[in-house]
Amino acid sequence: MSDQLTKRAEDYAQWYNDLVLKADMAEHSDVRGCMVIKPHGYAIWEKMQRALDGMFKDTGHVNAYFPLFIPKSYLAKEASHVEGFAKECAVVTHYRLKSDPEHGVVVDPEAKLEEELIVRPTSETIIWNTYRGWIKSYRDLPLLINQWANVVRWEMRTRLFLRTAEFLWQEGHTAHATKEEAVEETLRMLDVYATFAEEWLAMPVIKGVKTASERFAGAEDTYCIEAMMQDGKALQAGTSHFLGQNFAKAFDVVFTNKENRQEHVWATSWGVSTRLMGALIMTHSDDNGLVLPPKLAPVQVAIVPIAKNEEQLNALRAYVQPMLDGLRAKGITVKFDDDDKKKPGWKFAEYEFKGYPVRIAVGPRDMENGTVEVARRDTLEKQVMQATDIAEKVEHLLQAIQDNLYQKALAMRERYTRAVDTYDEFKVAIEEGGFILAHWDGTAETEARVKEETKATIRCIPLQGDTTPGACMVTGRPSKQRVIFARAY
RNA sequence: CGGGGUGUAGCGCAGCCCGGUUAGCGCACCUGGUUUGGGACCAGGGGGUCGUGUGUUCGAAUCACACCACCCCGACCA
């Protein structure tokens, strides 16, 4: 870890790449665009999964699993869906290899598939094809299913966690008897995502609706949570789609209602991915490395003993044991690092770089005085504390860190969010970064023009906030409310 | 996929322009000893298809061509 991390101010993109690699979260694989998620990164993802999964269960959803492979023909059944995904699908054409003296192994031309399979870029088609058999009556509804899976989108340009060819995610797919119910579900899951982002990732988000041009392929409406990264760029952290009856019609999913009439069902889908790892990193981390909110840190507290010899180390083990018991009794995850092959200074640097929220150092001086040295990662402050009630003190400290990270991120977002009224002002503001609130006439033409001229896109039409009408900053035509423009990941 | 850059030990780099014995350096690693409150020190040691392939040459890390991977900028996207 002797190599330095690039400073954020110097090169933000490089800082991010360095950090992901050096904090041991992930590395590039030999396959273009794919990554290996390493234990330190995967442990964070597992904590995200556990929290989200609980929230899904609490809102009545159950998990299931659908196949990785989708018959090519399914994709074509929903017109805008195929248009959105066709360009980035991996296709399976054969099912067998054979050994070859020259090339080791080759595709067996005899083993060509009758119908080619695509590797799922998302699962709407295969799920709705399956739902057709499950849904007959209003009594079968609502159907509230989630799956945890990997998907593949053959992206041109990839970045660790933020955009990889294969990524991990969850995708919820629900079916409802009425439009109102489906819309309600769409918004409920958007709220779940927003709550998760704010309470677990300590990342403030703005809930909004996407414009038509940013909408999911096959959706009637796409809702999103948008977060601001430390470089002022926007990152879409989660989406929830109201799919109308598009997929029900494409896959002929009908149910008999209470009046004994046949109707197409109403659908939603919603997802968050390992992209959240990127969001987490870019929201809180600093030039000293990763900073993790305590609720998602795989290990919340690292305890480092400082001993000159084995005898002293044993004394420290005894000194620390009641603290370990006390912390664990409160459900706090602790690592007591008594590995004598590494020096304390090395451990301090390591835990700091990897984002452990709290580090406790204990040495002979502490044993004499009945104290410990507590360091917090978010502020880098160190404090000597009495060891009595240390579990309680640490519990409060972890909460304080969680709160502080959220408040810091929120303050940053507010500092870099501003309203402008003219296109000239806008062009200046967008160069400075952040979220720009401006009036827009609601047309795709204006949106495209702004994107073309400034590289900024409409991140969303916020669901909450100021709804005062005005005049479009570009055309002067009437606007119902300000929308959020930003450059985005 | 277009423009630019990089590829030499696990990591970071020098050597390449101007071809010539055994390819260096720092960190990391191994052994022994001294150390241990912010990435220890001394001594010894191990580790290389020089991204891959083809070509030029008596001889290629070095020259030429092709390919691959990664990074940055664009187009596309969660």
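In what follows, chains are A, B, ... by sequence order, proteins preceding strands, each numbered from 1. The basis for the numbers below is simple: all heavy atoms, side chains too, and nothing from hydrogens, waters or symmetry mates.
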So A:A237, base contact, sugar-phosphate only, or nothing? Heavy-atom distance under 4.0 Å.
nothing
Rounded to whole Å, how long is the line connecting atom OH of A:Y16 with atom C1' of B:rC72?
16 Å
Ion pair check, A:K57 and A:D53, cut-off under 4.0 Å
yes
Pairwise C1' distance for B:rG39 and B:rC11, with rounding to whole Å
15 Å
Base-pairing mate for B:rU36 - Watson-Crick or G-U, with both contacts under 3.5 Å:
none
Positive for side chain to side chain donor-acceptor pair (under 3.5 Å) with A:T6, one of A:D18, A:D11, A:N17:
A:D18
Just checking A:N309: base, sugar-phosphate only, or nothing, at a heavy-atom cut-off of under 4.0 Å?
nothing
To the nearest angstrom, how far is A:H28 atom NE2 from B:rU6 atom C1'?
13 Å
Nearest whole Å is fine: how far is B:rG10 P from A:K22 NZ?
17 Å
Please report the distance, rounded to the nearest Å, between CD in A:E88 and C1' in B:rC1.
15 Å
With a 4.0 Å cutoff (strictly under), does any side-chain N or O of A:R159 reach OP1 or OP2 of B:rC70?
no
Sugar-phosphate, base or nothing in reach of A:Q236, heavy atoms under 4.0 Å:
sugar-phosphate
Base paired to B:rC65 (Watson-Crick or G-U; both N/O distances under 3.5 angstrom):
B:rG53
Using the C1' atom in both, what is the distance from B:rA23 to B:rU49, to the nearest Å?
14 Å
A:F216 near the nucleic acid: base, sugar-phosphate alone, or nothing, with a heavy-atom cut-off under 4.0 Å?
nothing
Expressed in angstrom and rounded to an integer, what is the separation of A:K347 atom NZ from B:rU36 atom C1'?
9 Å
Euclidean distance for C1', B:rG47 against B:rU8 (whole angstrom)
14 Å
Proximal nucleotide (of B:rG37, B:rG39, B:rG74) relative to the A:R157 side chain
B:rG74
Would you indicate what A:K382 reaches in the nucleic acid, counting non-hydrogen atoms under 4.0 angstrom: base, sugar-phosphate, or nothing?
base
Mapping A:T274 and A:P344 onto RNA chain B by nearest heavy atom, which one lands closer to the 5' end?
A:P344
Please give the distance between the P atoms of B:rG48 and B:rG55 as a whole number of Å.
27 Å
Kindly assign one of parallel, tilted or perpendicular to the pair A:W148 and A:W45, based on the angle between their ring planes and the thresholds 30° and 60°.
perpendicular
Spacing between A:L5 atom CG and B:rG39 atom P, to the nearest angstrom:
18 Å
Would a 4.5 Å heavy-atom cut-off, applied to side chains only, mark A:L235 and A:E226 as touching?
no
In terms of relative ring orientation, are A:F242 and A:W266 parallel, tilted or perpendicular, with 30° and 60° separating the classes?
parallel
Sort out the partner of B:rG47 for me: Watson-Crick or G-U wobble, both distances under 3.5 Å, none otherwise.
none
Kindly indicate whether the side chain of A:K455 and the base of B:rG74 share any N or O donor-acceptor pair separated by less than 3.5 Å?
no
Once you apply the 3.5 Å cut-off to both distances, tell me the Watson-Crick or G-U wobble partner of B:rG20, or none.
B:rC58
Within this structure, what is the OH-to-C1' distance between A:Y351 and B:rG39, rounded to whole angstrom?
13 Å
Mind checking who B:rC1 pairs with, Watson-Crick or G-U wobble, both distances under 3.5 Å?
B:rG74
Quick check: on RNA chain B, is the nucleotide nearest A:M367 upstream (toward 5') of the one nearest A:K343, or the reverse? Name the residue that is more 5'.
A:M367
So what does A:S273 hit on the nucleic acid, given a heavy-atom distance under 4.0 Å: a base, only sugar-phosphate, or nothing?
base
When the distance from CZ of A:R487 to P of B:rC73 is rounded to whole Å, what number comes out?
12 Å
Report which part of the nucleic acid A:G278 touches: base, sugar-phosphate, or nothing (heavy-atom distance under 4.0 Å, all strands).
nothing
Which is true for A:L235 with a 4.0 Å heavy-atom rule: it touches a base, it touches only sugar-phosphate, or it touches nothing?
nothing
Can you tell me how the ring of A:F247 sits relative to the ring of A:F251, calling it parallel under 30°, perpendicular over 60° and tilted otherwise?
parallel
Which value, in whole Å, describes the distance between the C1' atoms of nucleotides B:rC16 and B:rC76?
38 Å
Answer yes if the side chains of A:H173 and A:E171 hold a donor-acceptor pair under 3.5 Å, and no otherwise.
yes
Considering only atom P, compute the distance from B:rC29 to B:rG20 and round it to an integer number of Å.
35 Å
Contact class for A:T164 vs. all strands (heavy atom < 4.0 Å): base, sugar-phosphate, or nothing?
base
Relative to each other, are the rings of A:F196 and A:W200 parallel, tilted or perpendicular (30° and 60° limits)?
parallel
Check whether any side-chain nitrogen or oxygen of A:N17 sits under 4.0 Å from OP1 or OP2 of B:rC72, and answer yes or no.
yes
What integer number of Å spans the P atoms of B:rC68 and B:rA9?
22 Å
Between B:rG15 and B:rU62, how many Å separate the two C1' atoms, rounded to a whole number?
9 Å
